[in-house]
Amino acid sequence: MTPRIGLLLFTALLMQCENPVETPVPGKETVPAQIRQTDCFNGGNALFHAARITEMGNRASGTPGYRRQMDYLKEELAKCGWTCREQAFEKETPQGPVRFVNLRARFGKAPNFLDPVRGLLTCHIDTKRGIDGFTGANDGASGAAAILETARILSGDPARAGNLELVFFDGKKVLRNIWTATTACTAPSITHPPCGSRSPNG
């Protein structure tokens, strides 16, 4: 385990120790009507975000749905004091050239994205192509939703939030779920998961 991954896991553990997760009452699961302002990670809030994202439909790289998702993420992160930066790049794929856009976020009004951070909290947000009715609820939306809720909690601890960067990767689904040097690991100006490794949320 690298020091950076270890720090991230330790940070998550500390957050859980200080703010236990609220356990929902057993029963029929329903999507909350709005975000609840709690002091701890709230699974209902994550479900709310996941539902909003899946309603956007197909979110494959370069699609209108992907753009709507990006705008939603930026809007929600801004509400919690995070500043976002898009990172666009184009690469050749088996389907031809595709324009990818990663989303990076750091806490504060004017963070320097060139400054080093102690850890990254990441997921991929593009969905699979060519599957009718596929909305990526648990393969794209869930990871983004969990990070949005974590970002809300972290905003209450600026010192801790300032040590992390949130990254929403594009391009993971283009080459059959494999992270390679020609997909989401392409962006040269950001520290990213090791090329050849699997994305943490599938």
Side-chain angles (χ1 to χ4, degrees), residues 8 11-12 15 19 21-22 31-89 99-127 135-137 140-172 184 187 189-192 199-201:
L8 185 57
T11 299
M15 290 177 63
N19 301 306
V21 173
E22 292 185 351
V31 178
Q34 61 186 11
I35 296 295
R36 292 181 58 195
Q37 296 304 317
T38 62
D39 294 329
C40 57
F41 186 100
N42 184 279
N45 289 346
L47 182 60
F48 175 90
H49 289 306
R52 300 288 83 75
I53 293 172
T54 54
E55 288 171 356
M56 300 172 192
N58 178 22
R59 303 181 304 286
S61 303
T63 62
Y66 188 87
R67 169 44 56 186
R68 289 193 294 271
Q69 175 182 227
M70 289 281 282
D71 292 341
Y72 178 81
L73 294 174
K74 291 194 294 185
E75 179 181 352
E76 293 301 312
L77 288 166
K79 291 178 183 178
C80 299
W82 294 79
T83 297
C84 295
R85 173 175 293 182
E86 294 187 16
Q87 185 177 45
F89 56 100
R99 184 177 184 271
F100 301 101
V101 185
N102 295 332
L103 183 65
R104 303 169 60 188
R106 293 196 180 188
F107 190 73
K109 292 184 177 180
N112 185 348
F113 281 81
L114 296 178
D115 286 344
V117 290
R118 302 295 298 274
L120 302 175
L121 186 56
T122 79
C123 69
H124 80 87
I125 55 173
D126 58 312
T127 57
T135 60
S142 60
I147 290 180
L148 284 179
E149 175 62 3
T150 301
R152 183 184 70 84
I153 298 302
L154 284 170
S155 67
D157 189 344
R160 183 175 293 173
N163 281 326
L164 295 173
E165 179 172 322
L166 313 179
V167 187
F168 303 84
F169 283 111
D170 189 7
K172 190 256 186 179
S189 61
I190 181 173
T191 303
H192 49 64
S199 170
N201 69 325

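For the pair L73 and L103, the tightest heavy-atom approach, listed with the atom from each and the gap, is CB-CD2, 3.8 Å. Across all non-hydrogen atoms, the minimal contact from R152 to N45 is NH2-ND2, 3.5 Å. Smallest separation of non-hydrogen atoms from A50 and A141: O-CB, 4.1 Å. Contact between E149 and N42 at its shortest, heavy atoms only, is OE2-N, 2.8 Å. Nearest approach of A60 to T127, heavy atoms of both residues: N-OG1, 3.2 Å. The nearest pair of heavy atoms linking A46 to F41 is CB-CZ, 4.2 Å.
Interatomic distance, R59 CZ to T63 OG1, rounded to the nearest 0.5 Å: 8.5 Å. In this structure, T122 OG1 and K172 NZ are separated by 11.0 Å, a value rounded to the nearest 0.5 Å. N58 CG to D126 CG: the interatomic distance, rounded to the nearest 0.5 Å, is 10.0 Å. Between the CG atom in L120 and the CG atom in L166 there is a gap of 9.0 Å [rounded to 0.5 Å]. Atom CZ of R104 is separated from atom OG1 of T83 by 12.5 Å, given to the nearest 0.5 angstrom. Distance OG/S155 to CZ/F107: 5.5 Å, rounded to 0.5 Å.
With Y72 as the aromatic partner, R68 does not meet the cation-pi criteria of under 6.0 angstrom to the ring centre and within 45 degrees of the ring axis.
Using a 4.5 Å heavy-atom cutoff, the side chains of F168 and C123 are in contact.
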*Which is it for D71 and K74 under the side-chain contact (heavy atoms from CB on, under 4.5 Å) test, yes or no, and what are the steps along the way?*
CA-CA 5 Å; D71 292 341; K74 291 194 294 185; 3.9 Å; yes

*Given the rule in the side-chain contact (heavy atoms from CB on, under 4.5 Å) test, do I125 and M70 qualify, once you have shown the distances and angles that lead to the verdict?*
CA-CA 9 Å; I125 55 173; M70 289 281 282; 3.9 Å; yes

*Please test R106 against R85 for side-chain contact (heavy atoms from CB on, under 4.5 Å), starting from the C-alpha separation and ending with a verdict.*
CA-CA 9 Å; R106 293 196 180 188; R85 173 175 293 182; over 6 Å; no

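Listed for the Y66 side chain is a donor-acceptor partner under 3.5 Å among the backbone atoms of V101. In this structure, N102 contributes its side chain and D170 its backbone to a donor-acceptor pair below 3.5 Å.
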Would you mind writing out the side-chain donor-acceptor pairs for residues 108-117 within the sub-3.5 Å range, not counting sequence neighbours?
residue	atom	partner	partner atom	Å
N112	OD1	L114	N	2.9
N112	ND2	D115	OD1	3.4

